[in-house]
Asker: 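Take this structure, written in structure tokens, and hold onto it; I'll ask about it next.
Within every chain, numbering begins at 1; the chains are lettered A, B, ... in the order of the sequence lines, protein sequences first and strands thereafter.
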Amino acid sequence: MQKTKTKEVQKTENKQETEQKTLVIGVIGSDVHAVGNRILEEAFTQAGFNVVNIGVLAAQEEFINAAVETDADVILVSSLYGHGEMDCKGFKAKCVEAGLDDVLLYVGGNLVVGKQDWEPVKKKFLEMGFDRVYPPGTMPEVSIADLKKDLGLDD
Amino acid sequence: MQKTKTKEVQKTENKQETEQKTLVIGVIGSDVHAVGNRILEEAFTQAGFNVVNIGVLAAQEEFINAAVETDADVILVSSLYGHGEMDCKGFKAKCVEAGLDDVLLYVGGNLVVGKQDWEPVKKKFLEMGFDRVYPPGTMPEVSIADLKKDLGLDD
Amino acid sequence: MKIENKKWSLEKFNQIREEVLKQWPTGQDVDLEEAIEYQKNIEPKKRVTAKLKEAKESGITLIQPRAGVALIDKHIELLRFLQDEGKADILPTTIDSYTRQNNYEDAEAGIKESREEKRSMLNGFPAVNHGVQGCREVVEALASPLQVRHGTPDARLLAEITLAGGFTDFEGGGISYNIPYAKEVSIERTIYDWQYVDRLVGLYEENGISINREPFGPLTGTLVPPSVSHTVALVEGLLAAEQGVKNLTLGYGQCGNLVQDVAALESLRELAAEYFADFKDIMLTTVFHQWMGGFPQDEAQAFAVISWGASTAALGNATKVITKTTHEALGIPTKEANAEGLKASKQVINMLRDQSLASNDKLEKEKEMIKKETKQIMDHVLELGKGDLAQGVVKAFKAGVIDIPFAPSRFNAGKILPARDNEGAVRYLDHGNLPFTEEIVKFHQKKLEDRGKDEGREASFQMVIDDIYAVGQGELVGRPKKNKKEENSCK
Amino acid sequence: MKIENKKWSLEKFNQIREEVLKQWPTGQDVDLEEAIEYQKNIEPKKRVTAKLKEAKESGITLIQPRAGVALIDKHIELLRFLQDEGKADILPTTIDSYTRQNNYEDAEAGIKESREEKRSMLNGFPAVNHGVQGCREVVEALASPLQVRHGTPDARLLAEITLAGGFTDFEGGGISYNIPYAKEVSIERTIYDWQYVDRLVGLYEENGISINREPFGPLTGTLVPPSVSHTVALVEGLLAAEQGVKNLTLGYGQCGNLVQDVAALESLRELAAEYFADFKDIMLTTVFHQWMGGFPQDEAQAFAVISWGASTAALGNATKVITKTTHEALGIPTKEANAEGLKASKQVINMLRDQSLASNDKLEKEKEMIKKETKQIMDHVLELGKGDLAQGVVKAFKAGVIDIPFAPSRFNAGKILPARDNEGAVRYLDHGNLPFTEEIVKFHQKKLEDRGKDEGREASFQMVIDDIYAVGQGELVGRPKKNKKEENSCK
């Protein structure tokens with residue numbers, strides 16, 4: 001299919017030639033769920049990203065330091081144990097403070113304690129400054145598609 | 001425990017000496033559920049009643065004829081297949097017509113098609129002239145206790 | 001009426017057919033040639049036979065619910081939901097109880113009242129009243145194949161209309177849809193009438209249209225010992241095959257003890273292979289019915305009963321399982337509850353797809369006993385009929401040589417009494433006139449004595465009552481209350 | 001830190017104890033003598049040990065949920081519901097994740113926020129913050145015995161407070177609450193800290209108070225081969241017994257293949273009988289965890305997974321089963337969903353109370369392999385420790401001789417890779433440095449090759465990922481998508 005390439009796509013292609021996009025992934029707070037984290041690492045790597053995995057039990061500062069050090073494009077925060085709301089408070093502000101204004105923030109998992117309607121939860125995290133919010137049970141393919149879209153990568 | 005016997009109880013005791021109470025039981029309409037019917041027969045007999053069991057697939061007329069012939073005290077109608085509402089229409093009127101004004105009418109089972117709130121169903125059957133209406137899963141002990149109460153029998 | 005197990009002549013069939021099609025006005029719309037042409041255009045994936053064949057070959061277990069309401073559009077809506085949301089492999093059309101008694105007037109009234117009340121006043125789909133076109137509307141609206149499920153002693157007109165209407169599977173038989181479903185209909189009568197149904201299916205087969213037939217396995221659904229239901233399944237299957245039926249699904253209803261249930265499924269397959277050896281081109285499959293007795297009212301508990309049924313079906317490698325719903329104790333389920341029963345069953349079946357119950361001494365012993373019992377009954381039936389199965393069956397019912405527990409029919413001896421043994425397997429407390437050898441009788445006696453000892457009581461009718469209520473109250477074996485209390489207090 | 005598997009002197013214990021009780025202000029309220037008096041007044045039916053003993057003797061399987069919220073009154077309300085409505089035999093108190101990391105400040109903030117938001121902002125009960133009196137409030141409000149369930153590497157203060165608070169059972173161990181629950185805590189550290197916990201329990205025992213201990217069986221809950229979890233259960237049990245623990249419940253998490261799961265339970269009992277033969281007065285029981293991996297989001301399907309877990313627990317005669325809920329895929333369950341998981345489990349367990357999986361060749365083979373594997377690891381661990389189990393364990397983790405799949409800890413080798421075979425049993429795709437003989441390695445290789453052939457692909461990490469997602473997507477074995485499509489289209 002032929003289409004006129006936009007400036008953005010052109011830029012991206014050029015960028016792709018020279019560098020991979022870098023993702024910082026980790027499980028925030030006192031959360032030790034390691035399995036999904038390991039699968040995400042594998043899936044994102046297979047999808048062609050440069051994955052910096054800071055693992056479980058990661059503090060906000062660890063995410064931010066890793067993103068600064070590796071000049072990351074996206075931070076993906078996982079939280080499986082229900083404390084996500086408390087653990088993510090002020091995360092966006094700290095990112096801005098560290099000069100990571102342009103870094104995309106994704107968050108996903110079982111973000112709150114107990115069964116709740118998804119829409120209010122999503123709204124809350126969007127208001128907290130996250131660009132993408134994923135419900136429990138999201139498959140890696142979904143976030144990979146979003147990453148490609150948000151980063152302007154050709155599929 | 002000592003208590004003053006009411007006239008009714010006194011009368012009943014006298015009656016008991018001379019005769020058992022007679023129950024007509026059966027499964028109404030095109031319903032073939034035979035197992036519960038057989039258990040009720042056994043349970044009511046063990047409880048000391050004279051049980052006339054007209055079995056499954058019983059028409060309203062069969063109940064009434066059996067009650068007239070045996071000078072029954074109670075007619076107990078079972079319906080397990082959901083058509084109870086249609087099958088029991090006009091039953092009370094037919095009983096009155098046959099001179100069975102004083103015969104108690106009990107009905108029980110899965111009386112309507114589909115899951116419905118119990119209270120409206122009960123109300124409907126009470127309005128149709130039944131004296132007792134039982135939900136699905138009622139144990140024989142419950143109706144035996146009611147029978148003894150309604151017939152003024154000492155437990 | 002003199003019946004014999006012999007393929008009907010076309011002449012005899014056509015003669016009776018004329019009468020059958022007059023039983024209700026919609027009968028006049030049935031044109032067999034046109035129906036065969038219509039059936040020829042139904043694609044394989046909408047034929048039950050094709051679906052069963054693939055399931056049998058790939059060793060998977062299909063799921064099928066029960067469902068039927070009074071009005072065509074509502075019935076389509078219901079089945080579409082079970083197909084799309086419940087992912088049913090085979091769709092049912094359960095027929096209402098008036099139609100089952102050939103009471104088409106009351107069925108008509110029920111259709112009318114359902115329209116007025118805006119809810120189904122019938123407990124199933126009145127297919128005869130809706131006629132051939134009504135059935136075709138249903139069949140055409142759905143992507144999955146459909147079976148007719150009912151409980152009709154005289155199902156001749158129902159078969160004519162539904163098969164012409166595009167259904168590809170028809171449940172029932174001269175014993176299984178009489179003894180548990182009627183009070184006053186003779187066994188001669190129903191065997192004769194079902195020879196008609198089977199001959200009709202045979203005619204379709206001779207014209208290249210494969211229709212599946214399924215004797216109703218669970219019978220009264222209440223503590224039926226496997227050898228009783230196996231006998232009926234074999235008899236009805238053989239009578240059907242004689243009339244030209246080529247696709248048979250033999251059924252069995254879950255008793256609850258895993259070893260007995262798997263032994264029942266395996267012995268049913270093995271007995272069928274033996275008894276149908278002469279019919280070379282017949283396809284035999286099995287259907288397992290999830291627990292047919294009283295259900296717990298609590299939905300979580302009901303899910304457990306459903307899932308345990310699905311587990312047994314999978315471990316016993318049934319070709320198909322008929323699913324129950326969490327509304328079982330409360331009457332006819334909503335479509336949502338029905339779909340939930342399907343989803344729970346499918347989850348278990350998929351998880352256990354690659355697992356079976358491995359052979360062991362207990363399983364082999366159960367199989368051996370079920371096969372011996374069934375053969376002893378079958379031998380005696382054929383003996384009574386002097387070699388003719390149909391005549392043998394009539395005499396066998398009279399003599400109590402075939403006997404179905406808790407059946408309403410007065411043509412059933414009603415002498416046998418089943419009860420659970422100490423592990424929950426169904427045994428003969430009283431074998432009535434079943435022609436069992438001493439070995440068999442003692443085997444069952446011993447099993448029940450062991451339970452009696454454990455419970456400190458004699459095996460009696462009270463034990464049977466306790467067993468009937470048990471699952472609804474959260475147990476399999478109905479232990480005496482005293483015993484139960486002790487158990488509770490020492491927990 | 002030099003650790004050894006030797007009973008601590010009271011002096012050593014008391015010296016460390018002083019520090020432990022200072023970790024958070026509520027520690028100062030713990031008075032061991034007073035606590036022993038308090039525990040003495042707890043009646044037997046409120047002691048887990050008594051309940052387990054009776055269950056073991058009468059051969060029944062107890063049910064227990066997981067549950068915990070931030071505030072005392074809400075926690076009591078929750079547990080009372082699970083006791084009365086769910087009929088839980090043993091009640092849990094699940095501890096929140098901040099407390100598990102000894103982060104009592106954040107736990108305190110969580111309590112405060114929970115009060116303000118009027119919902120629990122913590123995923124469990126912060127027992128340390130609530131202190132001895134808070135725990136006693138909970139214990140006294142309930143009729144059933146209570147166990148502490150958590151995931152705390154350093155659980156010394158938690159144990160002090162909850163045992164003084166009237167709990168009679170404490171889950172965890174130096175391996176099972178470190179490797180799956182921590183990233184940076186050394187194995188020496190946690191073994192040392194859990195010796196403290198076990199010595200504390202031993203002190204209670206020496207004063208006539210029976211407290212149950214339960215190593216956490218499922219570890220990471222993700223494709224953990226039985227011999228890995230059995231090794232950890234035995235090691236932690238032996239370390240505990242050395243410190244004076246007298247009541248041990250060894251755990252195992254469901255893998256999903258019936259034969260493997262029953263073999264795991266039976267071999268766990270047999271191995272325990274062997275390894276604890278020197279501890280004459282010890283009570284050994286087993287706990288089976290319903291499926292710990294990803295759940296289907298659909299509640300009907302989740303009920304099926306729960307029921308299948310309960311079936312396996314019953315057929316394998318576990319003393320206790322930890323139940324799951326239909327909200328598993330969605331996070332922490334409501335109390336209603338939690339009670340439903342209990343009710344479904346109880347229904348199955350009661351129905352299967354009198355049934356077991358009969359011995360057969362496959363079962364015996366599985367048991368034999370699990371026992372051989374476990375013994376080979378255990379032998380090597382003891383060898384590495386030159387006879388000292390504690391030292392052996394530390395060296396074993398360093399060498400990957402004990403290795404837990406998918407664990408977050410950097411003190412775990414993380415070299416082994418498990419995958420399901422063609423029947424869904426969990427096998428070693430890569431056994432890393434586990435000290436297995438050629439026979440064992442080949443057994444597992446062969447099993448996985450068979451599956452690979454069937455699926456037309458090599459066994460790889462992709463197979464592992466497919467297996468991890470499988471149950472959530474309605475299957476046990478994660479078959480490749482191409483294969484799945486074919487299966488669907490031929491149904």
Asker: At what distance, to the nearest 0.5 angstrom, does CE of C/Met351 lie from CH2 of D/Trp308?
Answerer: 8.0 Å
Asker: Could you tell me whether D/Lys446 and D/Asp421 make a salt bridge, using a distance below 4.0 angstrom between a side-chain N and a carboxylate O?
Answerer: no
Asker: So among D/Arg47, D/Gln147, D/Lys51, D/Gln64, which one has a side chain to side chain donor-acceptor pair (under 3.5 Å) with D/Asp169?
Answerer: D/Gln147
Asker: Could you look at C/Leu315 and say if it's the side chain, the backbone, both or neither that has a heavy atom under 4.5 Å from chain D?
Answerer: side chain
Asker: Non-hydrogen atoms of chain C under 4.5 Å away: do they reach the side chain of D/Asn422, the backbone, both or neither?
Answerer: backbone
Asker: Heavy-atom pairs under 4.5 Å with chain C: which of D/Glu340, D/Glu299, D/Gln301 has the most?
Answerer: D/Gln301
Asker: Taking side chain as everything from C-beta outward and backbone as N, CA, C, O, which of these in C/Leu357 sits under 4.5 Å from a heavy atom of chain D? Side chain, backbone, both or neither.
Answerer: side chain
Asker: Under 4.5 Å, counting heavy-atom pairs only, tell me which of D/Lys362, D/Glu423, D/Gln355 racks up the most with chain C.
Answerer: D/Gln355
Asker: Let me know if D/Lys343 has heavy atoms under 4.5 Å from chain C in its side chain, its backbone, both or neither.
Answerer: both
Asker: Measure distances from D/Leu352 to the heavy atoms of chain C and classify the residue's part below 4.5 Å as side chain, backbone, both or neither.
Answerer: side chain
Asker: So, D/Lys453 and D/Glu449, do they make that salt bridge, N to O below 4.0 Å?
Answerer: no
Asker: Per the salt bridge (Lys or Arg N to Asp or Glu O under 4.0 Å) rule, what does the pair list look like for residues 310-323 of chain D, sequence neighbours excluded?
Answerer: D/Glu214-D/Lys320
Asker: Based on non-hydrogen pairs under 4.5 Å, which of D/Val348, D/Asp298, D/Asn257, D/Leu258 is most in contact with chain C?
Answerer: D/Asn257
Asker: Is it true that C/Glu366 and C/Arg427 make a salt bridge, defined as a side-chain N closer than 4.0 Å to a carboxylate O?
Answerer: yes
Asker: Any ion pair linking C/Arg451 and D/Asp354 (charged N to carboxylate O, less than 4.0 Å)?
Answerer: no
Asker: Heavy-atom distances under 4.5 Å only: say whether D/Leu52 touches chain C with side chain, backbone, both or neither.
Answerer: neither
